[in-house]
Amino acid sequence: MVKTANEKGFLDLTAVIWREGRDFVSLCPELGVSSCGDSLEEATAMLREAVDLYLENARELDMLDAALEGLSSEQRWTTSFRVAV
């Protein structure tokens, strides 16, 4: 569940991480922010930093509400599925 920024000032966001060659790529799908690292832990830490910078920039540009629009849904699901290729 994603909490709005008004609820104790925190958001619960998703990190999707996969390996590309020797690097780990990380993505926050809710905000469209991505990063990478040499390890799973580094990719997660770098994504957190990228999201912090994204939100800080949105706040400075008075665009935070627009950036957070749609993140307050009380019901949200994450799943995976398989398709033929």
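FYI, the numbering just counts along the sequence from 1. Atoms considered below: every heavy atom in the structure, side chains included; atoms not considered: hydrogens, waters and symmetry mates.
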Inset, instruction - Just do the side-chain contact (heavy atoms from CB on, under 4.5 Å) check on Ile17 and Thr44 with the steps written out, would you? - result: CA-CA 8 Å; Ile17 303 172; Thr44 303; 3.2 Å; yes

Enumerate donor-acceptor pairs with a distance under 3.5 Å from any side-chain N or O in residues 46-71 to protein atoms, sequence neighbours excluded.
none

Inset, instruction - Nearest 0.5 Å please: distance from the OG atom of Ser39 over to the CZ atom of Arg22. - result: 13.0 Å

Inset, instruction - Measure the spacing between SG of Cys36 and CZ of Phe24 and express it to the nearest 0.5 Å. - result: 11.5 Å

Inset, instruction - With sequence neighbours left out, write down each residue that passes side chain to side chain donor-acceptor pair (under 3.5 Å) with Thr14, or none if nothing qualifies. - result: Glu30, Arg76

Inset, instruction - Identify the heavy atoms of Trp18 and Leu27 that sit nearest to each other, and give their distance. - result: CZ3-CB, 3.9 Å

Per-pair distances, 0.1 Å, donor-acceptor, side chain in residues 78-85, under 3.5 Å, sequence neighbours excluded:
none

